[in-house]
Amino acid sequence: MELGLVGLGKMGGNMRERIRRAGHTVIGYDRNPDVADVHSLGDLVDRLKGPRVVWVMVPAGIATQTTIDELAELLSPGDIVVDGGNSRWTDDEKHAEQLNAKGIGFVDCGVSGGVWGLENGYALMYGGAAEHVAKVQPIFDALKPEGDFGSVHAGKVGAGHFAKMVHNGIEYAMMQAYAEGWELLEAVDSVTDVREVFRSWREGTVIRSWLLDLAVNALDDDEHLQKLRGYAEDSGEGRWTVEAAIDNAVPLPAITASLFARFASRQDDSPQMKMIAALRNQFGGHAVENKK
């Protein structure tokens, strides 16, 4: 299958490689000419045989909207656009309506896997009409992890990004719990090897997880996280999760508290946020702030 891929950053570049390893043809465009296969969106569309599938992997908001505006003028009826970035689910309905007016299909896809996705595969949550999803299915199959899980047609347009948003909200709460436990262990004199306590939890416990593995990796790199400043950004999806909870009258005390904890990190050098920052760097390659 042929795919046009727009956006070849940390995620998009690795996704291009994984799809190619599965035997598909990927033509990639990026504003950075050093990584791009073509020099414009127009060139990308011209290189693809119809009906085309173009996957957009650029930052949410203006960058995604601008790309979809341009593709709406370049593509033909029967083509498909996939938004694989972290767009807000409410934008998906607008994008689907905009493209549908031109006879172009739209699928939204939440993607999880970070810098590890090339080797491990990407967890995919996608929304859209069944006939549009079917046209993209070979690419979903190439990107997903091996085995029976890691890929789901979550529902209508917007369902993929909504599911990914909730996933990220849960992620916020899980990281916060690990961070709080780590800080408490570090605070007492009786526990003399906090890193090895965390390592021991990796087998036989109900809290073992990939995040726990990554926490141990971070502690192996910097046992007491002394090199990091206790500051952690939020991607926006945690906020959207809390807003959706308010709109639907669903109580989310743990996720909400974890979001507010990140806000608190911007006021002081929070020990807990050192762990949050370390985990975000481990799984997603997100930037950390080192102590001066």
Could you measure the distance from the CZ atom of R88 to the CH2 atom of W240? Nearest 0.5 Å is fine. 6.5 Å
Heavy-atom pair with the smallest gap, counting every atom of T67 and A63: OG1-O, 2.8 Å
Going from CG on D141 to CD on E146, what distance comes out if it is rounded to the nearest 0.5 angstrom? 12.5 Å
Should I19 and M1 count as side-chain neighbours, where that means a heavy-atom distance under 4.5 Å? no
Is there a side-chain contact between M57 and V6, using heavy atoms and a 4.5 Å cut-off? no
Point-to-point distance, once rounded to the nearest 0.5 Å, from CG of L259 to CZ of R262: 8.0 Å
Closer than 3.5 angstrom, by distance alone: can the side chain of H153 be matched with the main-chain N or O of G128 as a donor-acceptor pair? yes
Do K144 and Y122 have side-chain heavy atoms sitting under 4.5 Å apart? no
Take Q65 and Q98 through the side-chain hydrogen bond (donor to acceptor under 3.5 Å, both in side chains) test and state the conclusion after the steps. CA-CA 11 Å; Q65 185 63 63; Q98 175 185 358; 3.2 Å; yes
For V115 and F283, what are the C-alpha separation, side-chain angles and deciding distance, and is it a side-chain contact (heavy atoms from CB on, under 4.5 Å)? CA-CA 6 Å; V115 296; F283 70 71; over 6 Å; no
Non-hydrogen side-chain atoms of F106 and H132 separated by less than 4.5 Å: no
Correct closest heavy-atom pair for P51 and G78 would be CB-O, 3.6 Å
Given V250 and L252, is the side-chain contact (heavy atoms from CB on, under 4.5 Å) satisfied, shown in steps? CA-CA 6 Å; V250 175; L252 297 185; 4.1 Å; yes
Determine whether M275 and L225 make a side-chain contact, defined as any pair of heavy atoms from C-beta on separated by less than 4.5 Å. yes
Could you tell me whether the side chain of D30 and the main chain of L8 form a donor-acceptor pair under 3.5 Å? yes
Spatial distance of atom SG (C109) from atom CG (L143) [nearest 0.5 Å]: 8.0 Å
The single option from K274, R195, H224 passing side chain to side chain donor-acceptor pair (under 3.5 Å) against E186: H224
Is there a donor in the side chain of T241 and an acceptor in the side chain of Y172, or the other way round, less than 3.5 Å apart? no
Any donor-acceptor pair under 3.5 Å from R280 side chain to A232 backbone: no
Give a yes or no answer on whether the side chain of D108 reaches the backbone of H161 with a donor-acceptor pair at less than 3.5 Å. yes
Would K164 and N168 count as a side-chain hydrogen bond (donor to acceptor under 3.5 Å, both in side chains) here? Give the steps. CA-CA 6 Å; K164 176 58 164 47; N168 281 23; 3.1 Å; yes
Using modelled atom types and a 3.5 Å cut-off, is there a donor and acceptor pairing between side-chain atoms of H24 and backbone atoms of E2? no
Under 3.5 Å, is there a donor-acceptor pair between the side chain of D79 and the main chain of S76? yes
Single-linkage hydrophobic cluster I255~L279, side-chain heavy atoms < 4.5 angstrom: yes
For R199 and L219: C-alpha separation, side-chain torsions, deciding distance, then whether side-chain contact (heavy atoms from CB on, under 4.5 Å) applies. CA-CA 9 Å; R199 195 188 312 278; L219 295 174; over 6 Å; no
Candidate pair Y126 and S151, rule side-chain hydrogen bond (donor to acceptor under 3.5 Å, both in side chains), full reasoning: CA-CA 8 Å; Y126 34 92; S151 178; 2.9 Å; yes
Is the Y178 ring parallel, tilted or perpendicular to the F198 ring (thresholds 30°, 60°)? tilted
Heavy-atom pair of closest approach, residues L228 and A278: CD1-CB, 3.7 Å
For the pair N248 (side chain) and A244 (backbone), establish whether a donor and an acceptor sit closer than 3.5 Å, ignoring hydrogens and angles. yes
Donor-acceptor contact below 3.5 Å, side chain R52 vs main chain V45: yes
Worked verdict on V191 versus V197 for side-chain contact (heavy atoms from CB on, under 4.5 Å): CA-CA 9 Å; V191 179; V197 170; 4.1 Å; yes
Residues A173 and S258: closest non-hydrogen pair is N-OG, 3.6 Å
Greater than 12 external heavy atoms within 6.0 Å of R31's CZ: no
Looking at E203, I want to see if its CD is surrounded by more than 12 non-hydrogen atoms of other residues, nucleotides or ligands under 6.0 Å. no
Would you say R208's side chain and T205's backbone share a donor-acceptor pair under 3.5 angstrom? yes
Between I80 and V54, is there a side-chain heavy-atom distance shorter than 4.5 Å? no
Counting heavy atoms not belonging to E223, are there more than 12 under 6.0 Å from its CD? yes
Intermediate values then yes/no, side-chain hydrogen bond (donor to acceptor under 3.5 Å, both in side chains), D83 and S87: CA-CA 8 Å; D83 179 6; S87 293; 2.6 Å; yes
In short, N86 meets A60 closest at the heavy-atom pair O-CB, 3.4 Å
Got N120 and P145 here, is their nearest side-chain heavy-atom distance under 4.5 Å? no
Would you check if V53 and I139 make a side-chain contact, meaning some heavy-atom pair closer than 4.5 Å? no
Test item: W116 side-chain N/O and Q282 main-chain N/O as donor-acceptor pair under 3.5 Å: yes
Between G28 and R16, what is the shortest heavy-atom contact and its length? CA-NH1, 4.5 Å
hydrophobic_cluster_shared for V188 and W182, side chain cutoff 4.5 Å: yes
Can you tell me how far the CG atom of D37 sits from the CG atom of D43, to the nearest 0.5 Å? 11.0 Å
